[in-house]
Amino acid sequence: NGIILKNFTITDKSPTSAITANYASAISFAFAYNCHTENITGVGFRNPIMFNQYCTDCTSKGGRVEKPQETGGGQGYHTQWSAYCNVLDCGDTNTADGAFTNHGSYEHDISYTNCIGWHSVANSGAAFGDSAKRINITNGNGVSLTAGKNVIDLSVYNSTFGRVLANSQGFQADGLTVGDDGTSGTGFSLTSF
């Protein structure tokens, strides 16, 4: 309770291992209340810089990832949360498959406001559950919004994406602009998975 960590850079210098369990996150909050990080930069990490589970009233502000050693599933990003989250004023311009990813492991009640980058919702396969619920994007901007499977109540407001693939279960949009993503052309697809 009441932990505040701020204004530092941490570098992962762990040796390469074939066993992914040998890698750690820089900061882990579990069963935490009122704990916060601010301006934490992680350099060379494989796992998320910050990992959180079963937390209440916790925040992460102003973080950066530099030169991640791995960028596969579950790797190379800053913060991992799963429910009841607000993501504000965040951005990514150099991601391959999702700056803002909801794996589909039943994440819910997550809002993104003023976030720049690819939004990927419930797209990590059946092993994760392929499901997300009540995801909101306001003033989003990115190359893509992909939310094709088992996404219930996806709301998009005043946002621009190069392409959109959305599930029709409760999808709603107001002020959504879909343009050319530069690789596959203009596209909006509404699916019914």
Side-chain angles (χ1 to χ4, degrees), residues 1-125 127-129 131-142:
N1 179 13
I3 295 171
I4 299 172
L5 303 170
K6 64 181 185 176
N7 301 327
F8 65 87
T9 297
I10 187 165
T11 301
D12 183 350
K13 295 198 176 204
S14 58
T16 301
S17 173
I19 303 168
T20 57
N22 287 345
Y23 301 127
S25 294
I27 300 165
S28 293
F29 287 158
F31 302 98
Y33 169 73
N34 190 31
C35 295
H36 311 279
T37 67
E38 188 172 342
N39 299 324
I40 307 298
T41 298
V43 179
F45 273 81
R46 294 168 178 89
N47 283 352
I49 310 305
M50 185 174 174
F51 178 80
N52 307 279
Q53 63 181 18
Y54 310 113
C55 296
T56 302
D57 296 329
C58 295
T59 62
S60 175
K61 295 180 183 179
R64 279 183 64 84
V65 175
E66 295 180 3
K67 301 176 186 171
Q69 291 188 45
E70 302 288 340
T71 57
Q75 300 174 313
Y77 50 89
H78 193 278
T79 305
Q80 181 172 339
W81 303 94
S82 61
Y84 302 111
C85 300
N86 292 308
V87 181
L88 307 170
D89 304 317
C90 292
D92 178 277
T93 57
N94 196 25
T95 188
D97 59 4
F100 306 100
T101 301
N102 304 108
H103 293 94
S105 55
Y106 311 103
E107 294 100 338
H108 59 91
D109 298 285
I110 300 173
S111 294
Y112 299 91
T113 304
N114 301 325
C115 293
I116 298 171
W118 185 334
H119 285 261
S120 175
V121 183
N123 293 314
S124 291
F128 283 91
S131 299
K133 190 171 187 177
R134 291 184 300 276
I135 307 297
N136 297 297
I137 300 169
T138 302
N139 298 328
N141 189 321

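Quick caveat: nothing in here was measured; it's all calculated off a predicted structure.
For T138 and T113, the side-chain atoms include no donor-acceptor pair closer than 3.5 Å. Between R46 and S14, the side chains place a donor N or O and an acceptor N or O closer than 3.5 Å (distance only, hydrogens not considered). Between the side chains of N34 and D57, no donor N or O sits under 3.5 Å from an acceptor N or O.
Looking only at distances, a side-chain donor or acceptor of H78 sits under 3.5 Å from a matching main-chain atom of I40. Side-chain atoms of S25 never come within 3.5 Å of backbone atoms of I27 as a donor-acceptor pair (strictly under, hydrogens ignored). Side-chain atoms of N52 come within 3.5 Å of backbone N or O of Q80 as a donor-acceptor pair.
When all heavy atoms of M50 and T59 are compared, the closest pair comes out as CE-O, 4.1 Å. In plain terms, the two heavy atoms of G2 and C35 that are nearest each other are N-SG, 4.1 Å. I49 approaches G42 most closely through the heavy-atom pair CD1-CA, 3.6 Å.
Between L5 and I3 there is a side-chain heavy-atom pair separated by less than 4.5 Å. Contact check for V43 versus T9: side-chain heavy atoms found under the 4.5 Å cut-off. The closest side-chain heavy-atom distance from F45 to P68 is not below 4.5 Å. Using a 4.5 Å heavy-atom cutoff, the side chains of Y112 and H119 are in contact. Two residues are said to be in side-chain contact when any heavy atoms from C-beta on lie closer than 4.5 Å; Y84 and H108 meet this criterion.
Partners of N114 under the side-chain contact (heavy atoms from CB on, under 4.5 Å) rule, at least two apart in sequence or in another chain, are D89, N139.
For the atom pair NZ (K133) and CD1 (I110), the distance works out to 13.5 Å, reported to the nearest 0.5 Å.
Pairs engaging residues 8-39 under the ring pair (Phe, Tyr, Trp, His ring centres under 6.0 Å) rule: F31-Y54 [sequence neighbours left out].
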